[in-house]
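This report concerns only the one structure given below.
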Protein chains: 2
Amino acid sequence: MSRDRDLTRVGAALAAPARAVFVNLLLDGTARPAGELGRAAGVRASTASEHLGVLVDAGLVTCEKRGRHRYYALAGPDVASAVEALGSVADSLPVTSLRRSREAHRLGAARFCYDHLAGRLAVALVDAWTDGGWLRDRDALALTDTGAAGFRELGVDVDGAVRTRRPTTRVCLDWTERRLHLSGALGAAVASRFVEAGWVTRHASGRGVAVTSAGRDLLQGAWGIAA
Amino acid sequence: MSRDRDLTRVGAALAAPARAVFVNLLLDGTARPAGELGRAAGVRASTASEHLGVLVDAGLVTCEKRGRHRYYALAGPDVASAVEALGSVADSLPVTSLRRSREAHRLGAARFCYDHLAGRLAVALVDAWTDGGWLRDRDALALTDTGAAGFRELGVDVDGAVRTRRPTTRVCLDWTERRLHLSGALGAAVASRFVEAGWVTRHASGRGVAVTSAGRDLLQGAWGIAA
DNA sequence: CAGACGTTTCGGCGTGCGCCGCACGATTCC
DNA sequence: GGAATCGTGCGGCGCACGCCGAAACGTCTG
């Protein structure tokens, strides 16, 4: 059957080192010009262009022209979660280098996964919100009335998140913690509020996230999380 | 960072047509000998052997020796869901052939996804169970007390499903319907009960599933589903 | 309008890998 | 024991693809 064909196309799209770098960079949900991506992966502009063409053909990445730049971004949240899921199985492989484990540890603390928070911070938040009755069922996160009120009080645009066509809550498997964390429209709304309120700051480039002192106070005070 | 390296390894593992056939065949959760897989993919035994070695190295597939056979199977449920997620993005690509759309339609009605039901049947069941109060929240399925009682009455081993380390409920994105269906330990328990009770029968080889007349009666009578 | 910059397209080169046939080890059956 | 079957390892062949440099296109700037 020819579904295999499609699977090979998507698999092959991820098979080249340069393309894997691209996808990992775009996992934070940003859109970046071709040149920057190529420089990050250590290949010439022409090579980067070809690779990006492959990713677009495979449906993993979209391209938007703006002026003389072309901004590339992941095609959507489901692409991000598919890549994360793939990374999750890849992560069970034996560790290959020390750098990797250091890097993994740093990102494992807190990071962006496309448009929501991931890592130990995200897992701790889910635990706190479940214990506090904001979310139901640790395995299948659903928003409660208490939670809607609580998030609203934090300044999260709960109503906007509910209105979109996208599922309100969604679970995403963490490739470092091998635990579930909050994704979906609500996950995105929470994450953007955390950034907007200055509780966390995104690392200049990449997916890393640092908790600010204001954020530390909130986490400790509201939910007893030591970050 | 060298997580890219792992991603390429998993991606490359899926990049070869023969290996994609293997993985798709194993998506139904069965373990199959190397020879059978090779024949199905239309390659020689030696080629199949090499491919299976690659899949094992990539952590996607496990190998178990039994007698003079070696049985290969998917490494676990998370591999299955990762592959399904990947198939889901692949599915949004333009249709390439008529055969594909026919095949897709047949599998789209009802099929096995590793160890649980998928396809239009599974989506309809989730709708019915949510409407009936057996599961909470269409986006983030969680088992209610009513649901536990109901499934128990159907003969589903609910208690066994809850006891395992595996999450009781889990959602899985359908690559045909682009809707969520029930996965996790409960999803597996339900599926095995459906087969055991003779409500559905699995196609001799592959993931296809046919609803029996007894199954049709149950679906229509209990939940008003026309199958 | 020329010039700079970002990006894509096009040959061309080299490596990697998917395929095979054949040979060999392991296991089962007679 | 020998024969048959299942599986793996090893050369070898050929294509596909990742990489580059050079050239062309489009866009912004002076």
Side-chain angles (χ1 to χ4, degrees), chain A residues 2 4-26 30-73 96 205, chain B residues 2 4-26 30-73 96 205:
Chain A
S2 112
D4 305 323
R5 188 85 189 136
D6 290 340
L7 198 58
T8 63
R9 205 152 125 205
V10 179
L14 296 170
R19 291 198 292 261
V21 173
F22 292 169
V23 169
N24 268 317
L25 285 173
L26 297 177
T30 58
R32 306 188 191 217
E36 180 184 333
L37 291 169
R39 238 170 294 122
V43 296
R44 296 290 170 201
S46 58
T47 309
S49 178
E50 287 173 359
H51 282 313
L52 289 166
V54 173
L55 287 172
V56 169
D57 283 346
L60 295 176
V61 162
T62 59
C63 175
E64 188 186 351
K65 291 186 61 168
R66 199 145 17 141
R68 60 179 163 183
H69 294 271
R70 294 202 184 180
Y71 284 90
Y72 289 88
T96 50
S205 88
Chain B
S2 109
D4 305 323
R5 189 84 188 135
D6 290 341
L7 199 57
T8 61
R9 210 155 121 202
V10 179
L14 295 171
R19 292 199 290 264
V21 173
F22 292 170
V23 169
N24 267 318
L25 284 174
L26 296 177
T30 57
R32 307 190 192 215
E36 181 184 333
L37 290 170
R39 237 168 297 123
V43 295
R44 295 290 169 200
S46 60
T47 308
S49 178
E50 287 173 0
H51 283 312
L52 289 166
V54 172
L55 288 172
V56 169
D57 284 346
L60 296 176
V61 160
T62 59
C63 175
E64 188 188 349
K65 291 186 58 169
R66 201 147 14 140
R68 62 178 162 180
H69 293 271
R70 297 204 179 178
Y71 284 90
Y72 289 89
T96 50
S205 87

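No experiment lies behind these values; they were computed from the predicted model shown. The sequence lines fix the lettering, A, B, ..., with proteins before strands; numbering per chain opens at 1.
- Within the 4.0 angstrom heavy-atom criterion, only backbone atoms of the sugar-phosphate kind lie near R19(B); the bases stay farther away.
- Of the residues listed (L52(B), V43(B), V54(B)), the one engaging R19(B) in a side chain to side chain contact (heavy atoms under 4.5 Å, CB included) is V54(B), and it is the only one.
- Residue-level contact check: A45(B) touches the bases, meaning some heavy atom is under 4.0 Å from a base atom.
- Residues V10(A) and L14(B) are not in side-chain contact: their nearest non-hydrogen atoms beyond the backbone lie 4.5 Å or more apart.
- Counting distance only, with no hydrogens placed and no angle test, the side-chain atoms of S46(A) and the base atoms of dG21(D) include a donor-acceptor pair under 3.5 Å.
- The nucleotide whose nearest atom lies closest to any side-chain atom of K65(A) is, among dG26(D), dG7(D), dC19(D), dG26(D).
- Between R66(A) and V54(A), the residue anchored nearer the 5' end of DNA chain D, judged by the nucleotide with its closest heavy atom, is V54(A).
- Listed candidates were dT8(D), dC20(D), dC20(C). Nearest to the side chain of V43(A) is dC20(D).
- The base of dT5(D) sits within donor-acceptor range of the side chain of R68(B), with an N or O pair under 3.5 Å.
- Residue R70(B) contributes atom CZ, which lies 8 Å from atom P of dG9(D) at whole-angstrom precision.
- Counting to the nearest Å, the P atom of dG18(C) and the CZ atom of F22(B) are 12 Å from each other.
- The rotation axes computed at either terminus of the helix from dC1(C)-dG30(D) to dC30(C)-dG1(D) lie 30° apart, taking five pairs at each end and rounding to 10 degrees.
- The distance from atom CG of L55(B) to atom P of dG18(C) is 10 Å, rounded to the nearest whole Å.
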L26(B) and L55(B): side-chain contact (heavy atoms from CB on, under 4.5 Å), yes or no, with the steps?
CA-CA 12 Å; L26(B) 296 177; L55(B) 288 172; 5.9 Å; no

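- Looking at heavy-atom distances under 4.0 Å, Y72(B) makes contact with sugar-phosphate atoms alone, never a base.
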